[in-house]
2 protein chains.
Amino acid sequence: MTIPKSPATLVDVAERAGVSLKTASRAVNGEPHVAEATRQKVAKAALDLGFQLNSMASLLKRGIRSNFIGLVTGDLANPFYSSLAKGVERELRSQGLQLVVSSTDESGERERVLVEEMVARQVRALIVVSTHESNDTLRSAQERGIPVVFVDRPALDLTADSVVLDNRAGARLAIEHLIAAGHRRIGFIGDFSRLPTHQQRLDGYLDAIEALPTKSGQDPRELVREDFHDAAGARGAALELLSLSTPPTALFTSNNRVTIGALTAFRGLPVAPALVGFDDFDLSDVLGVTVVSHDPVEMGSRAARIALETLESRQPGGEPVVLPVRLIERGSGEAAPGVDWR
Amino acid sequence: MTIPKSPATLVDVAERAGVSLKTASRAVNGEPHVAEATRQKVAKAALDLGFQLNSMASLLKRGIRSNFIGLVTGDLANPFYSSLAKGVERELRSQGLQLVVSSTDESGERERVLVEEMVARQVRALIVVSTHESNDTLRSAQERGIPVVFVDRPALDLTADSVVLDNRAGARLAIEHLIAAGHRRIGFIGDFSRLPTHQQRLDGYLDAIEALPTKSGQDPRELVREDFHDAAGARGAALELLSLSTPPTALFTSNNRVTIGALTAFRGLPVAPALVGFDDFDLSDVLGVTVVSHDPVEMGSRAARIALETLESRQPGGEPVVLPVRLIERGSGEAAPGVDWR
DNA sequence: AATCCTGCGGACAGCGCTGTCATACTGGCG
DNA sequence: CGCCAGTATGACAGCGCTGTCCGCAGGATT
C-alpha cells in the first residue's frame, strides 16, 4: 500500500531543522560543538522524517571500505561451523562490525567465487575455513590489503594468520586412550584426505599405532578409511570396517559428522565397538560418547580478534595459534574389547 | 611487510589504459559500445593495478542501497537457526546477494540494536526470527521501504509476510499419538511463554488433552511447564515433573533444546517416560526419539524467496505461509506407559 | 552532396555524506 | 579595552563511481 518513498537525506533533515547540512551532520553523529538546542531540533527533524544515515555514503566519504567481515565456511548447517560463526559474531559485535557468511559446501570453485564476491563487496577482513583446493583468490585478496585469517585449517603456501586445533596431539591422545583400554585393532574414519586437519589427525593416529609392538609386515594403515565427508558415507565406512574378517574392536572418528555416521552404524549390533570421536556434539553426554573436545566458539573469537588486530596495523602472518583439545571420558572410549558400552 | 597501498581507483585504470574514465567504467562493467581492443587494454590495466571496483561508490551513485540481506535470529549456534540461515543463503546465492547474520540471544534490546544497525548498513531486506518483545524498529524499517519477513514466529501487530510452521496441528498430532499409545498423563515442557510458537504448540497440546474424558476439577495445565529456553532448564523441568507424586508417563517437549534437556534428565532412570519432541535433531534416529519433524532449511528458503519477491515489487503482507510438519515414529513415542523405550 | 545511422569515446554532474577551512560570537584576562 | 581561546555554525570540495548528453568518424541511404 505504502509508496516506497525515497528515504530522507541529511539535506532534508537540515532544511527541516533550519540548520546547515554540516551542522545536521554534526548533530546526527554526536560530534561536539553543537548547542544542545540545535541538537534537539535536528533530532526531532530526523525523527519526523524517519531519517537514517546512509552509511554507504558516509563510509565512502571517509575512505572506509565497509563495516563487514566475511566468513567463508564449509556448511553453515554443520554445528561446528555455526559455533565458529557465533564466536566470530560475538567478537565483532563490540566493534560495530557485522558478519557476512557464506558456505562453500567444500567446493573450491564456490570458495573462489565467494571470496571474489566478498572482496568486491569491500569486506574489511576475511575469515576462512579454506577448502584448500586453491588459494589464488585469497592471495589476491591479501594483496589488496584485506587481512585473511585461516581458521580450523592452516594457511598453505600463503603467509597469513591461522587459528587451528592441536589435531595431532588430540588424535594421539584418543588412540592412546583406546590402547590403554586394551584395544589393539583401532579403525580410523576420516574426512577428505586433502584437508590438513585430516592429515594431522591421521598423523596422530599413526603416531600411536606405530608405537605399538607390531607383527612384522603389518600395515599401520590397514584400518584407515578416508574421504568421508558426511554421516552417510561414514556410516558405510564403519559398516565396512566392522565386517572385516578380523574387525577392529575400537574406532576413532575424525570429526562430528563422521562420529554421528559411525554411531548410526552401531544400531542393532550386539556389541558396539569402543569409540572416541574428534569434536564434541549435542547429546554426546546422553549417548555416553568419549570425545576429543575443544571450543569452536572460542576458535571463532580468536580468529576474529586476530583479524581485528590486523586491521589495527598488527603485522599479519605470525605463528599459527594452536588451541588445546582435551579428552572427555563418557564411557564409549573406556570399554574394553568385546564389551558393549551402551 | 606489504605497505597497505591505497587501492587503485577507476581513474588510475583509465589513465594507465589511456582511455577516459567513462570508457574504463563501461569496459569494467561489461557494457556495450566498447571496442574489443579497448576492452582488452582496460582489462590489462585493471589487472596490473589490482583494481577492484568500489561497490560502495557504485551502489551509492546508482541509488541502490546494498546487496545484503539481513537475517536476525536467536542464536546462530542453535542448529535450527543455522539451518534456517543455510536455507536463506542458498536462495540468495543465485541472486548475487549476500547474507548478513546476527544473533539476538533472544534479547529484545539486542534485536532492536541489530535491526537498527542493519538498516543503517542499508540491507535490502530483513528476515527476522523476532523475540517479539517489541517491534517498533521493525516497523520503522518497513516504513523506510525495507521488506521485513518474519520466519518461524509470525508477525504481530504488523502487516508483514511470515513463514511459519503448523505448530498447533503438530503438537496435537504428537499428543494424540501418545494418547493412542495409552498415555493419559502427558507432561508439556515449553519455551518462553511469550513466543507465538510456544503458545500455538501449547494450544495443540491442550486441544488433545481437553478432548480426553477428564475427572472433574482436573486442570489441563497441571503438567504444563513453560519458559525454559535452554537444555539445562528443560532438564530441571523434566526432573521436577518426573518427581511428582503421580508423575506423567509421557512428555511432549516443544523444541530441540528442550527435547535434549529432557533426554539428559532420563539418564539413570529405570524407565524413561515416553517422549515426542518438536523439531528433529541430529542423532534422533540413533536415540530412537519420535519427533514432529519439519524442514528448517526449506523454511529459510521460502522466507528468502518472499523477501526477494517483495524487492521485485510483490505486495508485502499476504497470508502467512504455513509449512507442514509430520510425525516420525522412532520408538520413544510409541512406548506404552511404564515401558522403557531405550 | 546532404542526411542519417551506428559504433565508439569523453566531459560533466552529482549520489549522500564528511573533512577542511572560514566566520561570528562569547567571555575572560592582563 | 584589546586580544585570544573557545564555541557554534556554515560554505565548499570531493570520496569513486555511473547516467546523461554530446562529439566524431565512417559507412549506408536518399
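We name chains A, B, ... by the order of the sequence lines, and we start the count at 1 in each one.
At a threshold of 4.0 Å, the pair E116(B)-R112(B) counts as salt-bridged, since one of the basic side-chain nitrogens sits closer than that to a carboxylate oxygen.
Rounded to an integer number of Å, the gap from H33(A) NE2 to dC21(C) P is 15 Å. Separating the CE atom of M56(A) from the P atom of dC17(C) is a distance of 11 Å, rounded to the nearest angstrom. Regarding R62(B), its CZ atom lies at a distance of 20 Å from the P atom of dC15(D), rounded to whole Å. One interatomic measurement links the two molecules: CG of N54(A) to C1' of dT18(C), which rounds to 13 Å at whole-angstrom precision. Nucleotide dC17(C) holds its P atom 15 Å from the CZ atom of R121(B), rounded to whole Å. Rounded to whole Å, atom P of dC21(D) lies 13 Å from atom NZ of K22(B). Summarising the geometry, the separation between CD1 on I64(A) and P on dG14(D) is reported as 20 Å, rounded to the nearest angstrom. In this structure, K41(A) places its NZ atom 7 Å from P of dT9(D), rounding to the nearest Å.
With hydrogens and angles ignored, no donor-acceptor pair under 3.5 angstrom links the side chain of K61(B) to the base of dG16(D). For dG10(D), its base sits under 3.5 Å from the side chain of R26(A) at one donor and acceptor pair at least.
Of the possible donor and acceptor atoms, none in the side chain of R153(A) sits under 3.5 Å from a partner among the backbone N and O of L195(A). With hydrogens and angles disregarded, no donor-acceptor distance shorter than 3.5 Å links the side chain of D105(B) to the backbone of S107(B).
Counting only heavy atoms from C-beta outward, the side chains of V163(A) and I127(A) never approach each other to under 4.5 Å. A 4.5 Å side-chain heavy-atom check between R26(A) and V42(A) finds every atom pair outside the cut-off.
Comparing A35(B) and G63(B) by the nucleotide of DNA chain C that holds the closest heavy atom to each, the one mapping nearer the 5' end is A35(B).
Residue T23(A) places at least one side-chain N or O under 4.0 Å from the OP1 or OP2 atom of dG10(D). At the phosphate of dT9(D), neither OP1 nor OP2 sits under 4.0 Å from any side-chain N or O atom of S20(A). Between S58(A) and dC17(C) there is no side-chain N or O to OP1 or OP2 distance below 4.0 Å. OP1 or OP2 of dT18(D) has at least one side-chain nitrogen or oxygen of N29(B) nearer than 4.0 Å. Under 4.0 angstrom from either OP1 or OP2 of dT18(C) there lies at least one side-chain N or O belonging to S25(A).
Here T38(B) lies in heavy-atom contact (under 4.0 Å) with sugar-phosphate atoms only. Among the protein residues, L53(B) comes within range of the sugar-phosphate backbone only, with heavy atoms under 4.0 Å from sugar or phosphate atoms but none that close to a base.
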